[in-house]
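In what follows, a structure is listed as structure tokens, so that the remarks can point back to it.
First the proteins, then the strands, lettered A, B, ... as listed; each starts at 1. Just so it is clear, the model here is predicted, and its values are computed rather than measured.
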2 protein chains.
Amino acid sequence: MIKNSEFIDKLRSSGLRPTKQRLKICELLFNRDNTFHFTINDLAKNISRQLNEKISLATVYNTVHAFKNKGYLKEISINSDKSYFDTNTTNHHHFFDQDTNELIDCTDDEIETPKIKKNILGKKINSVEVLIKVATDNQNQK
Amino acid sequence: MIKNSEFIDKLRSSGLRPTKQRLKICELLFNRDNTFHFTINDLAKNISRQLNEKISLATVYNTVHAFKNKGYLKEISINSDKSYFDTNTTNHHHFFDQDTNELIDCTDDEIETPKIKKNILGKKINSVEVLIKVATDNQNQK
DNA sequence: TTATACATTATAACAATTCTAAACTATTGA
DNA sequence: TCAATAGTTTAGAATTGTTATAATGTATAA
């Protein structure tokens, strides 16, 4: 259980003012045991369920992007219709369950990280990410 | 150089009527030496550049999705703002050049395909795809 | 405690995509 | 060969996810 004052410090130290909206979002995102995968929509719904006063959708977008830019969140691309975010910002891979549209972290015992043997000339590798799409056996592939 | 009659057969054999719009799109997509990576917008622009009579944007969408569903195209997700399609439908990986927004096929001598050691219970793996984001050295990571 | 820079908000704007319903065309089979 | 019909194209409207705008509100530094 992370204390509110810790979030305040965290925000301040990265040059973000600790507003009550940002603190609420911190609480929702980072006060949990497991990695959280979400879309902005998920998060917005979550907030309005838990809060009597609402946070504007624009603020949710702003905050999530601010957190991403500060390195507190990672953006994951699965399909083009929406963005997923991940509270696990370490370099890791994902399963994507096509039945439920759920994103699941892939642990080191589940995958052997791919080795890049040759890179594009003059370019730096910024990330290497594996996405494993799974579905129940009788499901047709998307 | 693939002949028009071959495209007609290909379309017919997969239950798609060979209309002139579809044939034109076949020609553009499949009558080339190399893999083609494109967005719907790229394709639409390409068509209107090469054609005096236009193909409706809705038709371009319909056709690309029909081709994808028949397995002639593959959809690739890099970021959430648009969909990329690939004429190479084999299982392979990609570099994404963040400077130019260009997608580049990754050949076998460039990557060692990751091994999945453990799968999600009761699910079938439909695809395993690696995306390597690259940019010039002094560029900031997106 | 006030000035100011930063945040929030509702709403408008936007871009990619899908839907709709009418007009059109390829195919089937009398 | 020529309808009938089932599938296709089309323009434009609608939808969805997201970003921009500009006015109002708030945290912070001096």
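Here the P atom of nucleotide D/dA27 and the CD1 atom of A/I8 are 11 Å apart, to the nearest Å. Atom CZ in A/R22 sits about 10 Å away from atom P in D/dT28, given to the nearest Å. Remark: P of D/dT15 and NZ of A/K82 are 17 Å apart, rounded to the nearest angstrom. Atom-to-atom, NZ of B/K70 to C1' of D/dT8 comes out at 14 Å; the value is rounded to the nearest Å.
Sorted by residue number, the members of residues 42-63 of chain B with any non-hydrogen atom under 4.0 Å from DNA chain D read B/K54, B/I55, B/S56, B/A58, B/T59, B/N62.
Residue A/K117 qualifies as enclosed at atom NZ: its count of foreign heavy atoms under 6.0 Å is above 12.
Ring geometry for B/F96 against B/Y84 counts as perpendicular: the plane angle is over 60°, on a 0 to 90° scale with 30° as the lower cut. Ring planes of A/F67 and A/Y72: perpendicular class, angle over 60° (limits at 30 and 60°).
In this structure, A/R12 does not reach the D/dA27 phosphate: none of its side-chain N or O atoms is under 4.0 Å from OP1 or OP2. Between A/Q21 and D/dT26 there is no side-chain polar atom (N or O) within less than 4.0 angstrom of OP1 or OP2. Between A/H65 and D/dT18 there is no side-chain N or O to OP1 or OP2 distance below 4.0 Å.
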* Asked: Should A/H37 and A/N88 be marked as a side chain to side chain donor-acceptor pair (under 3.5 Å) after you check the CA-CA gap, both sets of side-chain angles, and the distance that decides it?
  -> CA-CA 9 Å; A/H37 296 108; A/N88 179 355; over 6 Å; no
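Contact annotation: the side chain of A/H93 approaches that of A/T113 to within less than 4.5 Å [non-hydrogen atoms, C-beta and beyond]. Inter-residue side-chain proximity for B/F95 and B/E110 is flagged as met; some heavy-atom pair is nearer than 4.5 Å.
The closest donor-acceptor contact from the side chain of A/D42 to the backbone of A/T39 lies under 3.5 Å.
B/E27 pairs by the side chain to side chain contact (heavy atoms under 4.5 Å, CB included) definition with B/N4, B/K24, B/N31, not counting sequence neighbours. Listed by chain and residue number, B/K118 satisfy the salt bridge (charged side-chain N to carboxylate O under 4.0 Å, His left out) test with A/D109 (two or more places apart in sequence, or in another chain). Among residues two or more places apart in sequence or in another chain, the salt bridge (charged side-chain N to carboxylate O under 4.0 Å, His left out) test is passed with A/K74 by A/E129.
Using a 4.0 Å heavy-atom cutoff across all strands shown, A/S83 reaches sugar-phosphate atoms only and no base atom.
Of all nucleotides listed (D/dT9, D/dT18, D/dA6), D/dA6 comes nearest to the side chain of B/R17.
The rotation axes computed at either terminus of the helix from C/dT1-D/dA30 to C/dA30-D/dT1 lie 20° apart, taking five pairs at each end and rounding to 10 degrees.
Mapping heavy-atom proximity under 4.0 Å, the span of DNA chain C touched by chain A runs 5' to 3' from C/dA5 to C/dA10.
With rounding to the nearest 0.5 Å, the separation of CG in B/L43 from OH in B/Y61 is 10.5 Å.
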